[in-house]
Amino acid sequence: MKKIDGAINIEEKINFSQIEKKWQKRWEEKKIFEVKENNKKKKYYVLEMFPYPSSSGLHMGHAFNYTIGDIQARFRRMSGFNVLYPMGYDAFGLPAENAAIKAGEHPLKYTENAMKNYMRQMKELGLSYDWSKLIITCYPEYYKWNQYFFLKFFEKGLVYKKKSAVNWCPKCQTVLANEQVHDGKCWRHEDTNVEIRQLEQWFIRTTKYADELLKDIEKLDWPGRIKIMQENWIGKSHGTEIDFEINKEKWKIFTTRPDTIYGVTFMVVSAQHPRLMALVTKEKKKDVEEFLRRLRGVSEKELEELEKDGVFTGSYAINPLTKEKVPVYAGNFVVADYGSGMVMAVPAHDQRDFEFAKKYKIQIKIVIHPEKGRLDKLNGAFIEPGVLVNSEKFNGIKSQDVIREITEYLTGSKLGRKVVNYKLRDWLISRQRYWGTPIPIIYCDKCGVVPVPKKDLPVKLPEKIKFGKGNPLVANKEFVNVKCPKCNGKAKRETDTMDTFFDSSWYYLRYFDNKNDKMPFDGKKAEYWMPVDQYIGGAEHATMHLIYARFFTKALRDLGFLKFDEPFNKLFNQGMLHGADGEKMSKSKGNVILPEEVSNKYGMDTARLFLISIASPDKDIAWSDHGIEGSLRLVKKIISYSGKAKFGKTNKKIEHKLNKAIKEITEDIQNYRYNFAVIKIRDLFEAIEQESEISKNDFASFIKLISPFCPHIAEELWEKLANKGFVSVADWPKADESKVDVKLEEAEKNVEKIIGDINNVLRIIKEKQGKEGSKIYLYVIPVEYGNYNVELLSKKMNKEVKMFKVNDSKKYDPENKSGKAKPGKPGIYVE
RNA sequence: GCGGGGAUGCCGGAGCGGUCUAACGGGUCAGGCUUAGGACCUGAUGGCUUAGUGCCUUCCUAGGUUCGAAUCCUAGUCCCCGCACCA
């Protein structure tokens with residue numbers, strides 16, 4: 001065909017939404033994305049972090065996220081893999097409960113509405129999920145297994161209970177999640193300060209796996225920054241534990257600077273330390289309680305911004321090396337659950353200790369001098385390495401070396417030891433809320449803490465509940481009052497529910513066996529599908545979810561459920577889609593782009609194409625109404641072309657282009673360079689468009705190449721070309737490298753170059769001589785005669801073009817421009 | 001404070017030692033097509049220069065390494081993200 005001449009107003013002809021609906025329906029009816037285990041086929045598990053179904057529905061940002069995974073899933077499926085690409089809903093959580101409190105809507109109803117909406121929207125995006133694998137965490141069929149795992153962990157000692165601080169609103173009489181605390185006030189009572197209270201809570205012993213979680217990071221094919229974040233989060237540090245004697249009792253402290261031990265002038269114990277009161281003398285009790293009261297009015301957030309503050313406990317500690325007595329303070333800047341919750345303070349060589357000492361006029365004792373010079377007056381702590389002074393037999397030794405020596409000395413005298421410490425804390429899973437998995441524990445007056453027997457699972461959430469004050473489960477008598485499974489006596493149920501991160505820590509193991517009511521999942525199926533080959537999600541889950549899921553996998557391995565160590569081999573972090581104003585999309589900013597609107601205007605495929613061609617999909621991008629026009633043009637041109645294409649034989653040039661494109665696009669998709677793939681699709685299409693014909697088979701390959709990006713349109717064109725079945729499950733084209741011909745490419749570059757040169761000449765003679773050149777004569781060296789498509793050239797220039805060999809005696813060449821001809825560079829004469 | 005990532009032409013965004021005035025898209029301008037507009041097509045889009053050439057100036061700023069730097073190093077400025085009193 002010739003160039004697509006204007007006048008085709010395809011907008012009237014393309015009904016995107018009709019095409020989309022048609023294919024979405026057929027995909028669903030024919031179940032082409034449903035999979036089962038097949039040992040003859042290699043599996044590929046593409047997983048996106050499942051969403052919390054919010055009532056506001058999906059916006060274009062979600063479309064961007066899921067399109068990234070869908071393209072990969074479609075591509076792998078066409079490449080011959082048995083692709084598991086499932087979706088589910090992280091359906092428990094606070095917003096549903098908040099809606100219940102504020103609007104009186106039951107969380108279940110709220111959530112089900114939201115999920116219905118999500119599912120409809122996801123289907124409209126053309127995502128190729130296997131919906132038969134759907135999981136929903138708020139149904140007992142799912143959360144039963146949360147309870148099952150909790151009990152398994154309980155048996156293994158991976159679960160324990162201890163007191164911990166929570167946010168408490170005295171007006172609501174309930175515990176608040178961090179998100180419900182705004183500026184230290186309750187979200188519902190702007191005039192009410194949130195208090196910090198100590199409650200008994202359930203913990204998971206994630207720290208048991210701290211070392212393995214850290215060590216295995218190197219095995220992961222994850223973005224570097226996520227790995228670094230996890231490393232920092234786990235925060236392994238080597239140090240020395242030293243015993244100080246206080247009131248004839250041993251108190252351990254952790255330090256990475258044992259070299260400064262001779263400079264200790266006081267101790268600080270965390271204000272949140274569970275045994276703090278044991279250190280407080282009678283005389284100081286009032287002071288300490290006053291201090292604690294002051295702290296209590298402060299939310300956790302504010303706590304971090306406070307000035308160093310403290311109070312003397314009345315007790316003294318004995319330095320194990322110097323035997324000096326130093327005062328013990330309670331302080332707000334010592335973290336209770338890191339190390340031992342108490343530190344030795346060396347004001348001369350630690351900035352925090354220095355500030356504290358200045359404030360309370362405590363002695364500052366220098367024990368390290370710089371290697372050159374001496375310290376006289378300190379304006380701040382000297383924390384550089386140096387040489388020891390005032391340190392008895394360690395004087396004169398370099399501080400870096402003495403760390404080992406002092407530790408060895410302490411170890412020898414049984415006063416200390418080398419230890420490793422982690423920042424990673426045990427995972428607090430207790431939530432004093434309704435909309436979560438009930439913790440399967442019963443408290444019996446006689447038998448104490450009794451786990452619910454597994455045969456009694458699930459412990460179901462009562463449906464009829466009253467929201468008002470506190471956790472509605474507490475007030476629900478049928479739920480709370482039970483018989484003890486051991487002694488049959490009166491007992492009470494645990495009313496705490498689980499953190500929803502518990503649900504999402506193992507959901508990837510449930511998809512492929514989502515209807516199993518005997519076990520959380522079949523180990524054989526897990527063996528086939530796991531680990532996840534490609535996990536896709538936002539970087540905001542770098543620490544919490546991704547650590548918990550890794551922990552779960554390791555714990556389940558040790559419980560015999562799994563045979564591998566890591567759940568997610570590869571992780572891809574998609575960027576965030578911002579509004580047209582460059583701001584984060586949000587209702588309040590009014591910059592939310594809805595898929596429905598975009599779809600009506602441009603078609604979903606156009607939107608998908610646009611989103612992934614803006615930039616590399618791991619980058620943050622911004623929506624642009626102008627930008628999408630470019631994608632729309634391409635889509636329209638492709639549709640229009642396929643309606644007019646003349647099918648016949650493909651020429652060498654297109655064969656070359658096609659095969660090269662297949663090779664490169666395949667690699668680009670594998671490596672998530674979707675933006676590059678689109679550029680190559682454009683380039684290939686432009687070449688195809690210019691030729692008079694193409695073979696049906698080759699055009700079919702082109703359709704396959706676009707189908708992961710524009711699945712509906714690809715299906716439509718596929719069908720129009722009388723191909724069988726669905727292009728979505730057709731074989732991905734293979735590049736025939738023998739058809740790739742670099743020479744052709746060079747020739748093409750030459751054509752481009754010559755066009756540039758001709759235009760240059762035309763411009764110059766117009767400017768200089770005022771002439772409008774109309775005839776172009778080219779003189780090429782004989783071997784290159786076939787390299788130039790004169791017809792194409794003429795069409796492109798919209799001028800008459802004639803070509804001669806330089807040695808052609810009959811050529812027309814009034815100014816002897818043929819003498820200028822060089823290889824790859826014909827002489828030009830214009831008149 | 002600690003840790004990570006950035007700054008590219010009118011805009012978005014590639015590039016990450018030579019092939020770079022810098023992919024691709026958007027915008028703008030010129031020409032074509034068209035009754036006109038839209039759509040579509042062709043080309044231009046740092047400056048000067050030239051029958052297709054050549055030169056100069058550009059990739060946050062200032063230095064440096066190199067035969068050669070948008071790309072590597074050093075210092076600085078600004079922006080984003082994560083952790084945050086972790087002893």
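In what follows, chains are A, B, ... by sequence order, proteins preceding strands, each numbered from 1.
- Taking the salt bridge (charged side-chain N to carboxylate O under 4.0 Å, His left out) definition, one finds that K236(A) meets it with D211(A), sequence neighbours left out.
- Between the P atom of rG82(B) and the CD1 atom of I234(A) lies a distance of 19 Å, rounded to the nearest Å.
- Listed by first then second residue, pairs satisfying ring-ring contact (aromatic ring centres under 6.0 Å, His included) with a partner in residues 612-637 of chain A read F610(A)-W623(A), not counting sequence neighbours.
- Look at the P atom in both rC59(B) and rG64(B): the space between them is 16 Å, to the nearest Å.
- No donor-acceptor contact under 3.5 angstrom links the side chains of Y422(A) and T206(A), judged on distance only.
- Taking atom P in both rG15(B) and rG9(B), the straight-line distance is 16 Å, to the nearest Å.
- S631(A) comes within 4.0 angstrom of no nucleic acid atom, judged by non-hydrogen atoms across all strands.
- Using a 4.0 Å heavy-atom distance criterion, T255(A) is classed as a sugar-phosphate-only contact.
- Contact record, I368(A) with G386(A): CG2-CA, 3.6 Å, taken as the closest heavy-atom pair.
- The distance from atom CD1 of I765(A) to atom C1' of rU49(B) is 18 Å, rounded to the nearest whole Å.
- Residues passing the side chain to side chain donor-acceptor pair (under 3.5 Å) test with D757(A), sequence neighbours excluded: none.
- Of the two residues contacting RNA chain B, namely I628(A) and I828(A), the nearest-nucleotide position lying further toward the 5' end is that of I628(A).
- Using modelled atom types, one finds a donor on one side chain and an acceptor on the other under 3.5 Å when comparing Y360(A) with D309(A).
- Residues passing the salt bridge (charged side-chain N to carboxylate O under 4.0 Å, His left out) test with K802(A), sequence neighbours excluded: E800(A).
- The 12-atom threshold is exceeded at NZ of K359(A), counting heavy atoms of other residues, nucleotides or ligands nearer than 6.0 Å.
- Listed nucleotides rU42(B), rG13(B), rG25(B) differ in distance to Q690(A); the shortest reach to its side chain belongs to rU42(B).
- Dense packing is recorded around NZ of K811(A), with more than 12 heavy atoms of other residues, nucleotides or ligands lying under 6.0 Å away.
- Within a 6.0 Å sphere centred on CD1 of I765(A), heavy atoms belonging to other residues, nucleotides or ligands number more than 12.
- Qualifying salt bridge (charged side-chain N to carboxylate O under 4.0 Å, His left out) partners for K817(A), counting only residues two or more places apart in sequence or in other chains: E815(A).
- Taking a pair as Watson-Crick or G-U with both hydrogen-bonding distances under 3.5 Å, the stems of three or more pairs touching RNA chain B are B:1-7 with B:77-83, B:10-12 with B:24-26, B:27-32 with B:40-45, B:46-48 with B:54-56, B:60-64 with B:72-76.
- Proximity note for E686(A) (side chain, C-beta onward) versus rA87(B), rA51(B), rG25(B): the nearest is rG25(B).
- In this structure, M576(A) atom CE and rG82(B) atom P are separated by 9 Å, rounded to whole Å.
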Tabulated below should be each protein N or O lying under 3.5 Å from an N or O of nucleotides 3-7 of chain B; please produce it.
| unit_1 | atom_1 | unit_2 | atom_2 | d |
| --- | --- | --- | --- | --- |
| rG3(B) | O2' | N232(A) | ND2 | 3.4 |

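- What separates CG of D620(A) from P of rC79(B) is a distance of 18 Å, to the nearest Å.
- Straight-line distance from the CE atom of M229(A) to the P atom of rC2(B): 18 Å, rounded to whole Å.
- The C1' atoms of rC16(B) and rU28(B) are separated by 30 Å, rounded to the nearest whole Å.
- Annotation: rU19(B) and rC56(B) have their P atoms spaced 15 Å apart (nearest Å).
- Other residues, nucleotides and ligands contribute only 12 or fewer heavy atoms inside 6.0 Å of the NZ atom of K252(A).
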Could you list the donor-acceptor pairs under 3.5 angstrom formed by side chains in residues 677-687 of chain A, with sequence neighbours left out?
| unit_1 | atom_1 | unit_2 | atom_2 | d |
| --- | --- | --- | --- | --- |
| K680(A) | NZ | D668(A) | OD2 | 2.8 |
| R682(A) | NH2 | G630(A) | O | 3.3 |

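- No engagement by V346(A) is indicated, since no non-hydrogen atom pair under 4.0 Å with the nucleic acid exists.
- The CG atom of L213(A) sits 7.5 Å away from atom CD of Q230(A), with the distance rounded to the nearest 0.5 Å.
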N/O to N/O distances under 3.5 Å, protein versus nucleotides 27-30 of chain B:
none

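- Contacts of G827(A) with the nucleic acid, taken as non-hydrogen atoms under 4.0 Å apart, include base atoms.
- The same atom, P, is picked in rG46(B) and in rC20(B); the two are 15 Å apart, to the nearest Å.
- Taking 4.0 angstrom as the limit, Y829(A) places none of its side-chain polar atoms (N or O) nearer than this to OP1 or OP2 of rA51(B).
- Taking atom C1' in both rA22(B) and rU45(B), the straight-line distance is 14 Å, to the nearest Å.
- Applying the salt bridge (charged side-chain N to carboxylate O under 4.0 Å, His left out) rule to R425(A) yields the partners D337(A); only residues at least two apart in sequence or on another chain are considered.
- Non-hydrogen atoms lying under 4.0 Å from RNA chain B are contributed by F676(A), I679(A), R682(A), all within residues 672-682 of chain A.
- For the atom pair CE of M585(A) and NE2 of H578(A), the computed distance is 9.0 Å after rounding to the nearest 0.5 Å.
- Counting only N and O atoms by type, the side chains of S616(A) and N675(A) include no donor and acceptor under 3.5 Å apart.
- Residues from residues 540-551 of chain A lying near RNA chain B, meaning a heavy-atom separation below 4.0 Å, are absent.
- Annotation: rC60(B) and rU71(B) have their C1' atoms spaced 15 Å apart (nearest Å).
- T256(A) comes within 4.0 angstrom of sugar-phosphate atoms only, judged by non-hydrogen atoms across all strands, and of no base.
- Here rU53(B) is the nucleotide among rA87(B), rG13(B), rU53(B) with the atom lying nearest to any side-chain atom of D757(A).
- Atom NZ of K423(A) is separated from atom P of rC2(B) by 13 Å (rounded to the nearest Å).
- The separation of rC72(B) from rC24(B), taken at their P atoms, amounts to 24 Å, rounded to a whole angstrom.
- The CZ atom of F610(A) sits 13 Å away from the P atom of rG25(B) (whole-angstrom rounding).
- Under a 4.0 Å N-O distance rule, the pair R417(A)/D243(A) qualifies as a salt bridge.
- Annotation: of the two residues near RNA chain B, E815(A) and W233(A), the 5′-most nearest-nucleotide partner is E815(A).
- I669(A) contributes atom CD1, which lies 7.0 Å from atom OH of Y674(A) (distance to the nearest 0.5 angstrom).
- Atom C1' of nucleotide rC81(B) and atom CD of Q574(A) are separated by 15 Å, given to the nearest angstrom.
- In this structure, of rA87(B), rA51(B), rA14(B), it is rA51(B) that holds the atom nearest to the side chain of K817(A).
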